[in-house]
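So you know, we letter chains A, B, ... as the sequences are listed, proteins then strands, and number each from 1. Just so it is clear, the model here is predicted, and its values are computed rather than measured.
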Amino acid sequence: MRIGTAKESYAADESLFDTAVQWRWLLVFFALLLIFPFIATPYWLFMACLVAINVASATGLNILTGYTGLVSLGQAAFMGVGAYTVAWLEINLGTPVLVNLVAGGLMAGAAGMLVGVPSLRVKGLYLAIATIAASVIFHFIFANWTSVTGGVSGLTMPPGTIFGFTLDEPRDLYWLIVPITVLMVIGAANLFRTRIGRAFIAIRDRDISAEVLGIRLLRFKLLSFALSSFYAGVAGGLWAYFFRVVTPESFPLLMSIFFLAAIIVGGMGSILGAILGAAFMTMVPEVLKMVVNWLSPWLPDAVALLSPVRVMVFGALIVGFLLFEPQGLAEMWRRLRRQFHLWPFKT
Amino acid sequence: QNQIGSAQAAEEIVFGGSIPLTGVFAFAGEGVHAGIQDWVQIVNEGGGIEGRMLRYEPEDTAYKVDASVAAFKRITSQFQPNLYYGDSTAFSKTINPELERNGRMIMAGASFATELNDPDLFPLQFMAGPDYTEMFGILLRHVADTQPGARVAFVYSDTEFGRDPIEPGRERAEALGLEVVETIVTPPGSVDVSTEVLKLRRARPDYAIFHGYVQAPIPEFISQARQMGMETRFMGTFWSMDHTVVMGMGEVADGFMGVMPYRYYYDEAADAPMLERIREMRPEYQSTAYMQGFLTAMLMTEAVERTLAAGQDLTGPNLKAALNSIEDFDTGGIVGVPISLPGNSIPVGRIYQADTAAQKMVPVSDWIRLDQTGG
Amino acid sequence: MTAAAGTLERLGEPATVLAVNNVEVVYNHTVQVLRGLSLQVAEGSVVALLGSNGAGKTTTLKAISGLLALENGAITAGDVQFDGASVRGQAPHALVRGGLFHVMEGRRIFEDLTVEENLVAATYAGGAGRDFDLVYEYFPRLAERRRALAGYLSGGEQQMLAIGRALVAAPRIILLDEPSLGLSPMLTEEIFTIIARINAERGTSMLLVEQNAAMAFAVSSYAYIMETGRIVIDGPVERLMRDQDVREFYLGMGEEGAARSYRDVKHYKRRKRWLS
Amino acid sequence: MASELSHGKPALSVERITLTFGGLRALNEVSFDVVEGSVTSVIGPNGAGKTSLFNAVSGFYKPSGGSVRLFGETIDRVPAPERARLGLARTFQNIALFRGMTVLDNIKLGRHAHMSTGLLDALWYFGRARREELELRAEIERRIIDFLEIDHIRNAAVAALPYGLQKRVELARALAMRPRVLMLDEPVAGMNREETEDMARFILDVKEEWGVTILMVEHDMGMVMDISDHVVVLNFGEVIADGSPRAVAANPRVIEAYLGAGDVGDLRRRLQAGKGPTTGGKAA
Amino acid sequence: MDWLFFFEISLAGLGTGGLYALTGLAFVLIYKATRVINLAIGELLMLGAYLFFGFAAGLALPHWMAILLTLLLAAVVGGGVERLFIRPMLGESPISVFMLTIGLGSILIGVVELIWGPNPQRLPEFLPTTPLFLGEAYLSSKIAAAFTAAAVMVVAFVLVFRFWRGGVALRATASDQAAAYSMGINVPQVFSLAWVVACVIAAAAGMLVGAIGGIAPTMGVFGLSVLVVVIVGGLDSVFGALVAGLLIGLLEALAGAYLGGEYKLLATFSLLVVVLMLRPYGLFGTHEIERL
Ligand SMILES: Nc1ncnc2c1ncn2[C@@H]1O[C@H](COP(=O)(O)OP(=O)(O)OP(=O)(O)O)[C@@H](O)[C@H]1O
Ligand SMILES: Nc1ncnc2c1ncn2[C@@H]1O[C@H](COP(=O)(O)OP(=O)(O)OP(=O)(O)O)[C@@H](O)[C@H]1O
Ligand SMILES: [Mg+2]
Ligand SMILES: [Mg+2]
C-alpha cells in the first residue's frame with residue numbers, strides 16, 4: 001500500500017507507472033541498459049542478449065498462457081519457425097534485418113494461428129498436449145524439408161547488416177536485440193490496458209461467459225496465439241542472428257518447458273513476471289556453474305561431481321517457487337517494494 | 001580481476017573447454033574431461049611447454065548449444081585460451097565465425113561430423129580421429145576385404161549425428177562393390193525396436209552398421225536378431241565402441257565389431273608407453289572418450305610446441321598450420337600407427353571385436369588408413 | 001443412537017450436540033471474519049442462523065465442519081464442540097464419519113458423477129450402506145434421473161441430491177447452508193417440509209443457514225442472527241418474530257405490520273437498531 | 001398498468017423456440033413478447049428451462065426451431081458476441097465475473113463489443129486506444145459506479161467480494177454493455193430481504209431512468225409480483241401462463257406447478273402442530 | 001503385400017502398446033483422483049528401472065526380491081511425492097501443478113544421475129529370452145512377457161474400477177475436493193493411494209521397459225508417447241488408456257515399418273491432433289460440463 005498517491009484524474013489512474021518515483025527508477029533502468037555494453041565483458045554481453053531474447057519470447061508466452069489461459073508447449077517450435085524464416089531470408093534473399101525479423105514474426109504468427117485453431121474445442125491441458133504435437137510436427141518439417149531448412153544439419157547464415165554495420169558480435173547485436181525486446185515488452189504492457197487485453201483475461205477466467213458478453217472467442221483465441229507466436233517468431237529471429245546456426249535441435253521441447261517454467265517462476269499473467277522469470281531462469285544455470293567453480297578449490301573435480309546437482313536445482317526451483325511463492329518473482333518484487341515504500345513511512 | 005587474469009594468461013597457456021558433464025552426452029564428457037586433465041598434468045609435470053604451464057578451464061554445458069557458447073564467452077573473456085574443446089557439431093558450427101574473428105585459438109571437439117572435416121569452412125578446427133563418413137569407410141573397407149560383395153544395412157538414429165554419414169556411406173559401399181540392402185532409421189530415444197528388427201530380417205544383410213547411438217537400442221536389436229536366427233554381423237562407430245558400453249550390452253555383444261581410432265585402455269602392446277603411463281595415473285579403466293580427450297590435448301600441445309619452437313605467436317592460423325605440419329607423429333601408442341594431420345581429420349582406425357568371455361575388445365584387423373582426400 | 005438420544009431428551013434438558021464458543025476465524029492469516037461467535041444446537045432441534053451477505057454464516061459452518069483449512073482459513077481463538085469433544089485437530093472426514101454432515105453452499109454435487117454415484121460417495125460417511133430407497137422415497141425425482149450426470153440436473157434437483165446425500169449419511173446433525181438458494185417457491189416449501197420431516201422422523205439435529213427468513217423460522221425452534229462475524233440477536237423463534245428489526249429487515253414487513261411492497265422501498269432506508 | 005404496456009411495441013419476441021439436449025426437450029415451442037420499457041419476469045419450477053431460454057436468446061445455445069426477434073429484427077443467425085453488441089445484455093445465474101480482474105476491469109469488459117481499438121492501436125496505446133479507454137472510464141464512473149454505489153470497491157479484486165456485491169458488479173457490467181434489453185437470471189437469489197430491496201430499487205431505476213427493457217428470471221415471488229409488469233410461466237419447457245402478475249398468481253395451473261400453497265404461516269402451523277407434512281416428497 | 005510381415009509388425013506394435021497402456025494407467029490413475037497431469041510419469045518409470053538395477057545389479061539380490069523391493073520403494077516414493085509436493089498444491093491451478101511435475105521430473109533425473117551416473121546401463125536379464133513363434137510369426141519373448149504383465153495389470157484395474165466403490169471416491173475427490181471431504185471421504189488418503197499405486201505401476205512399467213531397451217537417465221522420454229496415449233484415450237479413462245495404448249503401439253510400429261522410423265512420432269502426434277479435432281476429450285474421456 002503506497003501512502004499518498006491520490007489520483008488527480010482517471011488518466012493518471014490508468015497509466016502504467018503511477019508515480020514520479022517509478023518513472024525515475026525506470027529512467028535509471030534505461031540508462032543502465034544504455035551504458036551496459038560499454039562496461040560489460042563479452043560474457044555478460046552474451047548473457048544480456050540471451051536474456052533479452054528469452055524475455056521477448058517469455059513475454060509472448062505470457063500473453064497466451066498467463067493472460068489468455070491457453071497453456072502452450074509449442075513456444076520453442078514457434079521460435080524455430082521465426083529463426084528458420086529469418087535464416088532463409090538472410091541466406092537466400094539478403095533482405096534487410098528488420099524486414100526479416102518482422103517476416104519471421106509473421107510466419108510464426110501464422111503458424112501459431114494454425115495451431116490455435118483447435119483451441120475453440122480443445123481445452124485446458126488437452127490443448128497443452130496438442131501444442132506438443134505442433135512442436136513435433138514442426139520439428140519433423142525442420143528436419144526433413146531439406147531443400148529449405150537444410151535438413152538435420154540446418155542453416156548456417158551470414159551475419160546481418162544494418163545501416164552498413166555488420167551484426168557480428170554480441171556487442172553489436174545488443175543494439176538490435178535489446179531495443180526490440182523493450183519495444184515488445186512495452187507493447188504487451190499496453191495491450192493489457194485496452195479492450196483486447198481484457199478480452200484475453202476474460203477468456204482465461206471463463207471463456208463461455210466471455211462469449212455472451214460480446215467477445216468473439218475464436219477470433220481472440222487465435223489472436224492470442226498469433227500474437228504470442230509473433231513474439232516467439234521475432235525472438236527466434238533474433239536468436240538466429242545471434243547464433244547464426246539454426247538446426248532442428250536448436251528448439252527442443254525442453255526449451256518450451258523452459259519458457260513455461262520462466263513465466264511460472266516469474267509470475268503468470270504479469271508483464272514484470274515474464275521479464276524477471278526469463279532473466280532468472282536464464283541466469284540460474286550460469287550462477288550455479290559459478291558456484292560450482294568457486295567450490296572447486298575445496299571439492300576436487302567439483303565440476304564433474306556437482307553437475308547432476310544442477311539438473312536437480314533446476315527442478316527444485318520450479319517446485320520451490322510453486323510451493324512457496326506461487327505468485328512468482330513478480331509478487332516477491334511487489335512485496336519488497338511495498339516494504340521499501342513503507343519504510344520508514346514514505347519515500 | 002581482469003588484470004590478474006590477463007597477467008596469468010601471459011604466462012600460462014589456457015585450454016578452455018565446453019564439456020558436456022551433464023545431459024545426454026555426459027558419459028563422453030566425463031571421459032574427455034579426465035583425458036584432457038591427465039594430459040595437461042603430464043605436460044605440466046614435465047615443466048610445461050617452453051616453461052609455460054598449461055591451464056585447463058572446463059565448463060559444463062549439459063550438451064546445450066547456448067550453454068556451450070556462454071561457457072565459451074566466459075572462458076574467453078576471463079582468460080585468453082589458445083586451445084579449446086567444444087562439445088557438439090552445432091556448437092562447432094555456431095562458434096566458427098567467432099573463432100575466426102578471435103583468431104587466437106584452435107579448437108577440436110567431441111564431434112566427428114563430416115561437415116566439420118572441411119579446412120576451408122572450418123580453418124581453425126580439427127578432430128582427433130576420422131570423421132563419421134571415414135569411420136564408415138574404414139568399416140566398409142574391412143567388410144569388402146573379408147567378404148567381397150556382402151550385403152550391408154545401415155541402422156541409424158534420426159538425429160544430425162545419426163544421419164551424418166548415411167548418404168556418403170552408401171556411395172562408399174557401392175564403390176567398394178557392397179550392396180546396401182536396407183537403411184533403417186529409429187527415432188531418438190526409442191526403446192522397443194521389434195519392428196526395426198523385423199525389417200532387418202526381411203533384408204537379410206550380412207553386416208549391419210549402427211550409427212548415432214551410444215548403447216540403446218543396439219543390444220535389444222542384436223538379441224532379437226539372434227533369437228530370429230539371423231546370422232548378420234553387427235558393427236558400430238566410435239561412440240558405441242567403448243569397452244564399458246559394449247560389455248554393458250551383456251552376452252549379446254559377443255562378436256560385436258566396430259571402428260576405433262585409438263587403442264583401448266588395457267591394450268598392452270609393446271609400442272604403447274603412453275597407455276602404460278595412463279594406467280599408472282588411473283588404475284581403473286578409462287573410456288575411449290578419455291582417449292579422445294587425451295589425444296586431442298596431446299595434438300594441441302604439440303601444435304603449441306611447434307609454434308613456439310618456430311618463434312611464432314600463438315595465433316589460431318599459426319597453431320593450425322603447426323598442427324597440419326604434424327606428420328607421422330608418434331602418439332605413444334594411443335594410435336597404433338604414426339599419424340598425420342594434413343586437413344581436419346585423422347582418417348585412421350582399426351576394427352575391434354567384443355570378446356565377452358575375456359571381457360575385452362580385441363582387434364580383428366590391422367590399422368586401416370584411408371587416403372586423406374577420399375572422405 | 002437416535003433412539004438413545006430420544007430417551008435422554010425426555011429425561012430432562014436436551015443435550016447439546018453442537019456448541020460454538022467464542023470462535024474467531026481468520027482467512028489467509030489476514031482477513032478476520034468471525035469475531036467471537038457463539039451458538040448452541042440442542043439434540044434433536046433445528047436452529048436457524050441468519051445474517052446478511054458476507055456476515056460469515058458459511059464461514060461459521062466451515063469452521064464447525066473443518067472445511068476451513070481447505071480455503072486457507074483457521075480458527076484462531078475459541079472452540080467448537082461436537083458431542084462434547086473439540087473439533088479442532090479432527091480431520092473433516094473424521095467428523096463426517098462421527099455424524100456431523102455439512103451440506104455446503106451452492107450444492108457442490110459431483111458434476112461428473114451420476115446421481116446414484118453421488119449417493120454412493122456419501123456412503124463413505126458411514127450411515128445406511130448402499131440402500132438408497134429412503135432417498136428415492138423422499139425425492140422421487142432423483143429416482144427418475146438416477147443414471148443422469150448430476151451436472152446436468154436443474155438447480156432444484158441438485159439441491160435435492162445434496163440433501164439426499166445427507167440422508168444416506170444418516171448423521172446426527174446436518175449443517176445446511178442455504179438449502180433454498182435458487183429454488184422455486186414450491187420446491188423451497190418441499191425442501192423445508194422434508195427438512196422438518198427428517199428432523200421429526202429421525203431426530204436429526206440441524207443448523208440451518210438461510211436467507212429466506214420466513215421459511216427458516218417455520219422449521220426452527222431457535223434462531224441466531226449475525227452481522228460481521230458475531231451474533232447480534234438470538235432467541236426462540238416466537239420471540240424473534242415479534243422483534244421489530246427482524247420483522248423489518250428479514251421478513252420485509254412495514255412498521256404497520258403488513259408486508260411492504262418492493263415498489264415502495266425505492267428511497268427508503270433505515271438503519272438496523274442492532275448496529276447502532 | 002400491465003394491460004397498458006401489453007399493447008406496446010415488443011422489444012424482444014420469442015417465437016416458438018424449441019431446444020433439445022440429446023433426448024431432453026428443454027424448451028418446446030416457447031413464445032412470448034417482452035414489451036419495450038417493461039419488466040417482464042419468467043418464472044417456473046426448477047429445470048423448467050428458464051436459464052436455457054436465456055441461453056438460447058443470448059445465443060449460447062442454438063435452438064432447433066423457432067426464432068428470436070430483437071426490436072423486430074430476427075437475430076437467429078447472429079452469433080452470441082454480436083447479439084451483445086446489438087444491445088442484449090445479461091447476468092448469470094451462477095455469478096460469472098472474471099475473478100482475475102478488478103471490479104473496474106470487469107465493468108469495462110462489458111463495453112468490449114462497442115469498442116474499436118485494434119491490435120496495433122492497442123500495442124502502441126498512445127493515441128486512439130488511450131482516448132477510447134479514458135472516455136470509457138469517465139462514462140463508467142459517471143453513469144454506473146455512482147449509480148450502483150460501488151465506488152468504494154472499484155479497484156478491489158472481485159473474487160474477494162461478498163456475494164451481494166458480486167451480483168451488483170454483474171449488474172454493473174451488464175449495464176456497461178449499453179443494453180437495450182437486459183436479462184437478469186435470478187438477480188436476488190441468496191440475498192436477504194434488505195439486499196433484495198436494494199436490488200429491486202436498482203432494477204426499477206434502470207428501467208425508468210435508463211429506459212432499458214428488462215427480462216428477469218427469479219424465484220422470489222414477493223419481488224417478482226411487486227415489480228413486474230408482465231409474467232411468463234414456464235413448466236417443462238412450455239409456457240403455461242402469460243399475463244399480469246395478479247392474473248398469473250391466481251392461475252390454478254401456476255399454483256399447482258410452481259407456487260404451491262405459498263403460505264409460510266400455514267407451513268409453520270402444520271409443522272409445529274407436529275402433524276408432519278403429508279405432501280412431502282411429492283413429485284411435481 | 002507381405003501379410004506375415006504385417007502380422008509380425010502388428011504383434012510387435014501391440015507388445016509395445018501394452019507397455020504404453022500400463023504406463024498410461026499410472027498416469028490416468030493420478031489424473032482421475034487428483035486432476036494432476038503428471039508429466040513426471042516418464043521419470044518415475046525411469047526411477048523404477050534404476051531402483052531395480054540398484055537392487056538386482058548393484059546389490060546382486062535375487063530377481064524376485066529386487067522386484068519386490070523396487071515396487072515397495074516405488075510405493076514409498078509415490079507416497080512421499082504426494083505428501084511433500086502434491087498435497088500442498090491442493091487448490092492451485094492445474095497449470096501450476098502440471099509444471100510442478102515437470103520440476104519433479106528434473107529433480108528425479110538429477111538424483112538418478114547423482115547415484116548411478118549419467119551413462120546408459122543394461123538391466124540384468126529377468127525376462128525370458130527364448131524366442132516365441134506364433135505360427136511362423138516371430139514375437140520377441142521379452143515383449144510378449146511384458147505385454148502379458150501389462151495386460152494383467154490393466155485388466156485388473158478395469159475390473160477394480162467397475163466394482164469397487166473406491167472408484168467413486170476417486171472420481172468424487174477429483175471432481176470437488178471440499179465436497180468429497182464433506183462426504184466423509186478421506187481425501188488425503190485417496191491422494192496418497194492414487195500416487196502410491198501409480199508409482200508402483202510406473203515402476204513395474206519401468207522394469208519392463210528397461211529390460212527391453214536398457215536404462216538411462218534420459219529414458220523418461222518414453223513418457224512423451226504415453227502422453228499421446230492418455231490424451232487419445234481420454235485423460236480420465238482407464239479403458240481409454242488401454243485402447244489408445246494398443247492403438248498407438250500399433251500405429252507406431254506400422255509407421256516405422258512402412259514409412260520409416262522418422263515417421264513414428266509424426267504419426268502418433270498426427271493421430272493425436274486428428275482425435276482431438278473430432279473428440280476434444282479423447283476417445284473415452286469425460287466431457288467437462290459447461291453451463292451458464
Ligand atoms: N476463502 C476466503 N478467503 C478470504 N476471505 C473469505 C473467504 N471466504 C469468505 N471470505 C470472506 O469472509 C466473509 C464472510 O463470508 P461468508 O461466505 O462466510 O459469508 P456468508 O454469511 O455465508 O455470506 P452469504 O450470505 O453471501 O453466503 C466475506 O466478507 C468473504 O469475503
Ligand atoms: N447443457 C445441457 N446439457 C444437457 N441438459 C441440460 C443442459 N442445460 C440444461 N439442461 C437441462 O435442461 C433442463 C432445463 O434447465 P435450466 O437450467 O434451463 O432450468 P431452469 O429453469 O433455469 O431451472 P432453475 O430454476 O433451477 O435454474 C434441465 O432439466 C437441465 O438438466
Ligand atoms: Mg454463505
Ligand atoms: Mg436457471
Side-chain angles (χ1 to χ4, degrees), chain C residues 31 50-55 105-106 137-141 143-144 152-159 178 180-190 192-194 196-197 200-201 211-215 217-219 221 237 248-252 259-269 272, chain D residues 21 24 43-49 51 93-94 160-167 186 189-198 200-201 203-205 219-223 225-227 255-262 264-272 274 276-277 279-284:
Chain C
V31 194
L50 310 181
S52 47
N53 288 130
E105 186 172 23
E137 186 208 319
Y138 276 104
F139 303 110
R141 193 134 34 148
E144 287 165 30
Y152 290 121
L153 295 184
S154 82
E157 290 162 343
Q158 292 187 349
Q159 190 66 56
E178 305 207 17
S180 78
L181 185 75
L183 296 196
S184 74
M186 200 166 83
L187 263 179
T188 306
E189 208 179 306
E190 204 174 307
F192 274 91
T193 311
I194 289 172
R197 201 176 135 199
E201 292 174 2
Q211 296 290 8
N212 188 336
M215 275 294 171
F217 285 160
V219 296
S221 52
V237 166
E248 180 168 347
F249 288 104
Y250 284 90
L251 299 171
R260 200 165 60 221
S261 166
Y262 283 97
R263 281 191 188 272
D264 303 335
V265 299
K266 276 186 74 174
H267 305 292
Y268 168 85
K269 270 271 178 186
K272 293 168 189 161
Chain D
F21 298 112
L24 185 82
I43 61 173
N46 295 107
T51 300
Q93 180 170 1
N94 305 309
L161 292 179
Y163 185 82
L165 281 180
Q166 293 198 12
K167 284 249 164 185
E186 306 204 4
M191 293 192 178
N192 64 17
R193 173 77 199 191
E194 189 190 4
E195 291 150 346
T196 305
E197 287 176 359
D198 283 343
R201 179 163 57 92
I203 293 173
L204 289 174
D205 283 351
H219 287 301
D220 185 325
M221 277 311 105
M223 176 171 124
M225 295 301 166
D226 281 355
I227 72 169
I255 294 174
E256 193 207 354
Y258 182 64
L259 295 174
V264 182
D266 177 54
L267 174 72
R268 179 173 173 77
R269 270 189 301 280
R270 251 177 21 231
L271 297 175
Q272 301 288 306
T279 53
K282 146 186 133 325

Fill in: Test item: C:F217 and C:L251 side chains (from C-beta on) under 4.5 Å apart, heavy atoms
yes
Worksheet item: For D:N94, is it the side chain, the backbone, both or neither that has a heavy atom under 4.5 Å from a heavy atom of chain C?
Response: neither
Worksheet item: Side chains of C:E157 and C:Y152: closer than 4.5 Å at any heavy-atom pair?
Response: no
Worksheet item: Of the backbone (N, CA, C, O) and the side chain (C-beta and beyond), which part of D:T196 lies under 4.5 Å from a heavy atom of chain C, both, or neither?
Response: both
Discussion item. Using a 4.5 angstrom heavy-atom cutoff, name the option from C:L153, C:N53, C:V31, C:V237 with the most pairs to chain D.
Written reply: C:N53
Worksheet entry | Donor-acceptor contact below 3.5 Å, side chain D:N192 vs main chain C:Y250 | no
Practice prompt. Would you mind checking which part of D:M221 comes under 4.5 Å of any heavy atom in chain C, side chain (CB onward), backbone (N, CA, C, O), both or neither?
Written response: side chain
Worksheet item: Got a sec, which residues hit side-chain contact (heavy atoms from CB on, under 4.5 Å) with D:D226, two or more places apart in sequence or on another chain?
Response: C:S261, C:Y262
Worksheet, complete the sentence: Scored by heavy-atom pairs under 4.5 Å with chain C, the best of D:E186, D:E195, D:M225 is D:E195
Item to complete: Answer yes or no: is there an ion pair linking D:R201 with D:E197, defined by an N-O contact shorter than 4.0 Å?
Response: no
Response to the item:
If one checks every heavy atom of C:L181 against chain D at 4.5 Å, the contacting part turns out to be side chain
